[in-house]
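This report refers to the structure that appears directly beneath it.
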Amino acid sequence: MSTMRVASYNLKDFTLDRHAAARVIRAIDPDVLCLQEVPRRLLSTWRVSDFAAECGLFWSGRHRGSGGTTIFTSLRVQVSESRHHRLRVAALQRTRGYAVIRVGPAGHQPLVVASVHLSLDADERERHAGQILRTVSGGGPVLLAGDLNEGETGRAWRLFASPLRLISPPVPTYPSSAPHRVLDVIFASPDLTVLPHRAVELEVADLVAASDHRPTWVDVDLDPQAVPTAETETEGEPVVPASTVERVEEVAADAAASSSQDDPAG
């Protein structure tokens, strides 16, 4: 096996129909599932673990501090590392964080995969995007998936798109009942081999019942000869260039924490 399917899905804290969500996920049949807005507090570990089992997937657990992000995997891939990170937010704002794993099929170079859910505040989104890029760089091919809470003109989106490239279909994902905004996306290292998108027949009733977002997914080929390391022999450039890191540091130094108004996208 050299092909790996990676999906991303915002599940609105299980406040809607999680059984419908599990049906959607089983139909997509991902090897790696990046989740946003899963329960974070009372009984959250049990609830998320139970949901993973209903989806037919495995969960490493321990997602405290992740702001409701985590990652499930299938038994078709191997996870060599799993981490959850907290992001600093303004007072009284929703907690934010991101999950990172190293994962791949047996015998193939693993990917660094991150699940992210950015803030409702533009300055905070940009600052967090920079922090995430710094964390995931330098360890091999990178795939970053999640709910950015902004479109392609947003500063965080453009920051991700500087060292990475968009590989998910530019299909609206929000709101699930009548999608018109592309909020849920997947980025990857430039030389990662991405296969043609394969549509999956999903029940619209399940999509609407499961969440206010729709999922997105991609198939990547992890043939060792087709996937470069973080630094190639020909160019020697890191996944995240020095200019991006410098800009991140400037943003972190200049941006002040500020409150944001509620947005239905969450």
Side-chain angles (χ1 to χ4, degrees), residues 7-18 21 33-49 51-52 59 61-72 82-101 113-136 144-151 154-160 173-177 179 181-187 210-216 248 251-252 254-266:
S8 182
Y9 205 0
N10 180 318
L11 290 180
K12 198 173 173 61
D13 294 315
F14 291 178
T15 56
L16 299 179
D17 187 343
R18 72 178 184 89
L33 176 62
C34 295
L35 291 172
Q36 305 85 43
E37 290 198 41
V38 298
R40 299 160 289 157
R41 297 189 176 93
L42 184 64
L43 302 177
S44 63
T45 298
W46 177 84
R47 295 177 68 195
V48 177
S49 180
F51 181 71
W59 182 51
R62 302 180 301 278
H63 72 310
R64 184 174 180 177
S66 72
T69 63
T70 198
I71 302 176
F72 293 171
S82 176
R83 292 173 287 143
H84 292 82
H85 301 269
R86 184 188 300 272
L87 291 165
R88 191 172 183 177
V89 299
L92 303 180
Q93 298 305 304
R94 178 189 173 97
T95 59
R96 298 287 170 182
Y98 58 105
V100 181
I101 65 172
V113 178
S115 175
V116 307
H117 184 201
L118 297 187
S119 171
L120 298 175
D121 177 78
D123 289 338
E124 201 165 69
R125 285 196 297 271
E126 184 178 22
R127 185 166 64 254
H128 288 170
Q131 292 177 246
I132 294 166
L133 282 174
R134 295 189 66 179
T135 299
V136 302
L144 185 147
D147 174 7
L148 301 194
N149 267 320
E150 68 178 28
R155 287 175 284 162
W157 180 305
R158 295 200 303 267
L159 195 58
F160 284 141
T173 59
Y174 180 86
S176 60
S177 57
R181 299 181 65 188
V182 182
L183 298 183
D184 306 86
V185 292
I186 303 175
F187 289 89
S211 173
D212 56 343
H213 289 250
R214 293 195 180 193
T216 187
V248 167
V251 169
D254 296 341
S258 61
S259 299
S260 59
Q261 297 180 347
D262 288 342
D263 185 304

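This chain uses plain numbering: 1 for the first residue, then up along the sequence. Below, each value reflects all heavy atoms present in this structure, side chains not excepted, and no hydrogens, waters or symmetry copies.
At a cut-off of 3.5 Å, with distance as the only test, no side-chain donor of Arg96 or His128 sits close to an acceptor on the other residue. Under the 3.5 Å distance criterion, with hydrogens and angles disregarded, a donor-acceptor pair is assigned to the side chains of Thr70 and His84. Thr135 and Tyr98 form a side-chain donor-acceptor contact under 3.5 Å, judged by distance and modelled atom types alone.
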- Task: Could you walk me through whether Trp46 and Phe51 pass ring pair (Phe, Tyr, Trp, His ring centres under 6.0 Å), step by step?
- Result: CA-CA 9 Å; Trp46 177 84; Phe51 181 71; over 10 Å; no
- Task: Run the numbers on Phe187 and Val116 for side chain to side chain contact (heavy atoms under 4.5 Å, CB included), then give the verdict.
- Result: CA-CA 11 Å; Phe187 289 89; Val116 307; over 6 Å; no
- Message: Could you go through Asn10 and His117, starting from their C-alpha distance and side-chain angles, then the distance that decides it, and tell me whether this counts as side chain to side chain contact (heavy atoms under 4.5 Å, CB included)?
- Response: CA-CA 8 Å; Asn10 180 318; His117 184 201; 3.8 Å; yes
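The shortest distance between side-chain heavy atoms of Leu87 and Thr95 does not fall below 4.5 Å. Counting only heavy atoms from C-beta outward, the side chains of Val113 and Cys34 approach each other to under 4.5 Å. The shortest side-chain heavy-atom distance between Ile71 and Leu35 does not fall under the 4.5 Å cut-off. Put simply, the side chain of Arg155 reaches to within 4.5 Å of the side chain of Asp123, judged on heavy atoms. The shortest distance between side-chain heavy atoms of Ser8 and Thr216 falls below 4.5 Å.
Taking CZ of Arg158 as the start and CD of Glu126 as the end, the distance is 8.0 Å to the nearest 0.5 Å. In this structure, CZ in Arg214 is found 6.5 Å from OG in Ser176, a value given to the nearest 0.5 Å. One finds the CZ atom of Phe14 at 6.5 Å from the CZ atom of Arg47 (value rounded to the nearest 0.5 Å). Atom CG in Asp212 sits 5.0 Å away from atom OH in Tyr174 (nearest 0.5 Å). Here the CG atom belonging to Asp147 is positioned 5.5 Å from the CG atom belonging to Leu183, to the nearest 0.5 angstrom.
Aromatic ring orientation, Trp59 versus Phe72: perpendicular (interplanar angle above 60°, classes split at 30° and 60°).
Using a distance-only test at 3.5 Å, with no hydrogens or angles considered, no donor-acceptor pair links the side chain of Glu37 to the main chain of Thr69. With hydrogens and angles disregarded, a donor-acceptor distance shorter than 3.5 Å links the side chain of Asn149 to the backbone of Leu118. Using modelled atom types, one side-chain atom of Glu150 and one backbone atom of Trp157 make a donor-acceptor pair closer than 3.5 Å.
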